[in-house]
Amino acid sequence: MNPTEIRRRLNVLRSERKTVEQTWQSIEQLVVPFRGKFFREQSSEHEVDFRNSQLYDSTAIVACDGLSAAMQGSLTSPATKWFGLQFNLAELNKMIEPRAWLEECENIMFDTLQQSNFNIESSEFYIDITSFGTAFMSEEPVGEGSSFTGLDFSAVPVREGFFETDHKDQVKRFYRRLMWTPVQIIDKFGKENVPDTIKEKANNATQEKQEVIFATYERPNVRPAEGVVEPRARPFGYRYVLAREATPLGTEGGYYEQPVFCGRWRKVSGSQWGHSPAFIAMPDIHNINELVETTLEAAGKVIDPATLTTQRGLVSDLDLRRGGLTVVKNIGDLAPFDPGSRFDVA
């Protein structure tokens, strides 16, 4: 895929999911704060807002966090080996030596996962799938052949991930929108592999983030080969593109298999995006949040009540500060207002 086609396909996918992003925005505000901001471009550190003035109740936040932690502990626990291997031939599974070899392979796989960042990134994956209903995880080898040192995992934020599927509903092409500073771009690809505009911005110490597209795609005429082959001869390719100019960054690489996994809690017919328990609970989440907001507002009226007076009862301005002095014509002309709030109803 050339850079122009990558940018075009990503723009189409972005426009097609605007409807579901409105639901995701509500989930981000009330279930997983500080997770998305789907409709706000954060091109600099000043645009990152850690305040959430619309949130009054943490019930949904704690519930989502507890569910995701329970799933991680039950399905991919860091403390126990949560998978096993067996041969397709039942006879081999009964033999001592083949079984011993399989157990050694299991131990190597588990140790490799433990030495990687899988446990950290999988927790982010579970939070996304229990809240937004869709989650992405990428897996990349660190080094190749004799220089292989392990695996590197990354839970891709739902806000950044877009994908196309094949007829089996598997990820065929995946796109990720990255926001990197000029220094980060040069650090990743080297000065010789980036356009002059990026070098200029880096020299001027500009911290404005640039949109970079990372795309992985299936190569239609390339079949899996045995052994180590060059990146261009692998079934899946990848490329980084500077979005504004559709300029390639670095060289085209390759994978032996699709490195991105897409999980969905549950699917609706006709949509590639999943939905989660948060979708079902949203009416209750909104109701509880508004109820707590109303209760706090009523409590404020009781704690610091309004003051009633007659039209000509005040001689000075009303001073409600500690130690404040208010002059009235008649002490009976000034009284606190009782709102009659019913906290038992709330």
Taking all non-hydrogen atoms of both residues into account, name the closest pair between [X] and [Y] and its distance.
{"X": "P182", "Y": "K201", "result": "CG-CB, 3.6 Å"}
{"X": "F279", "Y": "P283", "result": "O-CD, 4.3 Å"}
{"X": "A233", "Y": "V222", "result": "O-CG1, 3.2 Å"}
{"X": "I127", "Y": "T130", "result": "O-OG1, 3.1 Å"}
{"X": "R234", "Y": "E230", "result": "CG-O, 3.5 Å"}
{"X": "S316", "Y": "L325", "result": "OG-O, 4.3 Å"}

I'd like to know if the side chain of [X] reaches the main chain of [Y], judged simply by a donor and an acceptor atom lying under 3.5 Å from each other, with no hydrogens or angles considered.
{"X": "N289", "Y": "I285", "value": "no"}
{"X": "T310", "Y": "G313", "value": "yes"}
{"X": "S122", "Y": "N119", "value": "yes"}
{"X": "H275", "Y": "G133", "value": "no"}
{"X": "S147", "Y": "G143", "value": "no"}
{"X": "Y126", "Y": "L67", "value": "no"}
{"X": "N93", "Y": "Q86", "value": "no"}

Using the rule that Ile, Leu, Val, Met, Phe, Trp and Tyr join whenever any side-chain heavy atoms are under 4.5 Å apart, tell me whether [X] and [Y] fall into a single cluster.
{"X": "W180", "Y": "V183", "answer": "no"}
{"X": "I280", "Y": "V268", "answer": "no"}
{"X": "M179", "Y": "F189", "answer": "no"}
{"X": "V62", "Y": "V292", "answer": "no"}
{"X": "I213", "Y": "V158", "answer": "no"}

Pairs under 3.5 angstrom only: tabulate donor-acceptor contacts from the side chains of residues 245-253 to other protein residues two or more places apart or in another chain.
from, atom 1, to, atom 2, distance (Å)
E252, OE1, R232, NH1, 3.1
E252, OE1, R239, NH2, 3.4
E252, OE2, Y217, OH, 2.6
E252, OE2, R219, NH2, 3.2

Original post:
Could you walk me through whether E160 and R176 pass the salt bridge (Lys or Arg N to Asp or Glu O under 4.0 Å) check?
Top reply: CA-CA 5 Å; E160 299 177 3; R176 181 178 182 181; 2.8 Å; yes

Please list, chain by chain and in numerical order, all residues satisfying salt bridge (Lys or Arg N to Asp or Glu O under 4.0 Å) with [X], sequence neighbours excluded.
{"X": "D196", "value": "K199"}
{"X": "R223", "value": "none"}
{"X": "K172", "value": "E218"}

Tell me, do [X] and [Y] make a side-chain contact under 4.5 Å, heavy atoms counted?
{"X": "I185", "Y": "Y240", "result": "no"}
{"X": "S276", "Y": "I129", "result": "no"}
{"X": "Q210", "Y": "T181", "result": "no"}
{"X": "V260", "Y": "M137", "result": "no"}
{"X": "S26", "Y": "H286", "result": "yes"}
{"X": "L151", "Y": "T112", "result": "yes"}
{"X": "L113", "Y": "F153", "result": "yes"}
{"X": "Y238", "Y": "F214", "result": "yes"}

So the salt bridge (Lys or Arg N to Asp or Glu O under 4.0 Å) pairs with at least one residue in residues 124-137 (sequence neighbours excluded) are R35-E124, R35-D128

Q | Sequence neighbours excluded - salt bridge (Lys or Arg N to Asp or Glu O under 4.0 Å) pairs with any residue from residues 290-302 | A |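 Of all non-adjacent pairs touching residues 290-302, none passes salt bridge (Lys or Arg N to Asp or Glu O under 4.0 Å).
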
### Query
Going by the side-chain hydrogen bond (donor to acceptor under 3.5 Å, both in side chains) test, which pairs reach into residues 95-109, not counting sequence neighbours?
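Pairs touching residues 95-109 that pass the test: K81-E106, K81-N107.
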
Applied to residues 321-335, the side-chain hydrogen bond (donor to acceptor under 3.5 Å, both in side chains) test, sequence neighbours excluded, yields D319-R321

Is the number of heavy atoms from other residues, nucleotides or ligands within 6.0 Å of CD1 (I120) greater than 12?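 No - once you tally the heavy atoms of other residues, nucleotides and ligands closer than 6.0 Å, there are 12 at most.
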
Give, for atom [atom1] of [X] and atom [atom2] of [Y], the distance between the pair rounded to the nearest 0.5 Å.
{"X": "I198", "Y": "R244", "atom1": "CD1", "atom2": "CZ", "value": "8.0 Å"}
{"X": "E21", "Y": "I27", "atom1": "CD", "atom2": "CD1", "value": "12.0 Å"}
{"X": "D152", "Y": "T149", "atom1": "CG", "atom2": "OG1", "value": "9.5 Å"}

Report the C-alpha separation of D169 and K267 in whole Å, then their side-chain angles, then the decisive distance to 0.1 Å, and conclude whether the side-chain contact (heavy atoms from CB on, under 4.5 Å) test is met. CA-CA 11 Å; D169 204 31; K267 279 194 60 184; 2.9 Å; yes

Name the atoms and distances for all side-chain donor-acceptor pairs under 3.5 Å in residues 334-346, with sequence neighbours left out.
from, atom 1, to, atom 2, distance (Å)
D338, OD1, G340, N, 3.1
R342, NE, D344, OD1, 2.9
R342, NE, D344, OD2, 3.4
R342, NH2, D344, OD2, 2.9

Residue set satisfying ring pair (Phe, Tyr, Trp, His ring centres under 6.0 Å) with F125, at least two apart, ordered chain then number -> none

Sorted by chain and number, sequence neighbours left out, ring pair (Phe, Tyr, Trp, His ring centres under 6.0 Å) with F236 holds for none

E211 and R14 ion-paired at < 4.0 Å | yes

By side chain to side chain contact (heavy atoms under 4.5 Å, CB included), E200 pairs with (sequence neighbours left out) none

From the list F132, F163, F162, ring pair (Phe, Tyr, Trp, His ring centres under 6.0 Å) partner of W273 resolves to F163

*Pick out which of F261, F174, Y175 makes a ring pair (Phe, Tyr, Trp, His ring centres under 6.0 Å) with F136.*
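That would be F174.
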
field: Test side chain to side chain donor-acceptor pair (under 3.5 Å) applied to S77 and Q72, step by step
entry: CA-CA 6 Å; S77 172; Q72 182 181 22; over 6 Å; no

For this session: Would you sort out whether R9 and M1 count as a side-chain contact (heavy atoms from CB on, under 4.5 Å), showing the intermediate values?
Result: CA-CA 10 Å; R9 285 182 174 275; M1 293 176 67; 3.5 Å; yes

Check: Should R7 and L10 be marked as a side-chain contact (heavy atoms from CB on, under 4.5 Å) after you check the CA-CA gap, both sets of side-chain angles, and the distance that decides it?
Finding: CA-CA 5 Å; R7 184 178 65 175; L10 175 59; 5.8 Å; no

* To do: Apply the test side chain to side chain donor-acceptor pair (under 3.5 Å) to residues T295 and Y56: give CA-CA distance (whole Å), side-chain angles for both, the deciding distance (0.1 Å), then the verdict.
  => CA-CA 10 Å; T295 304; Y56 296 92; over 6 Å; no

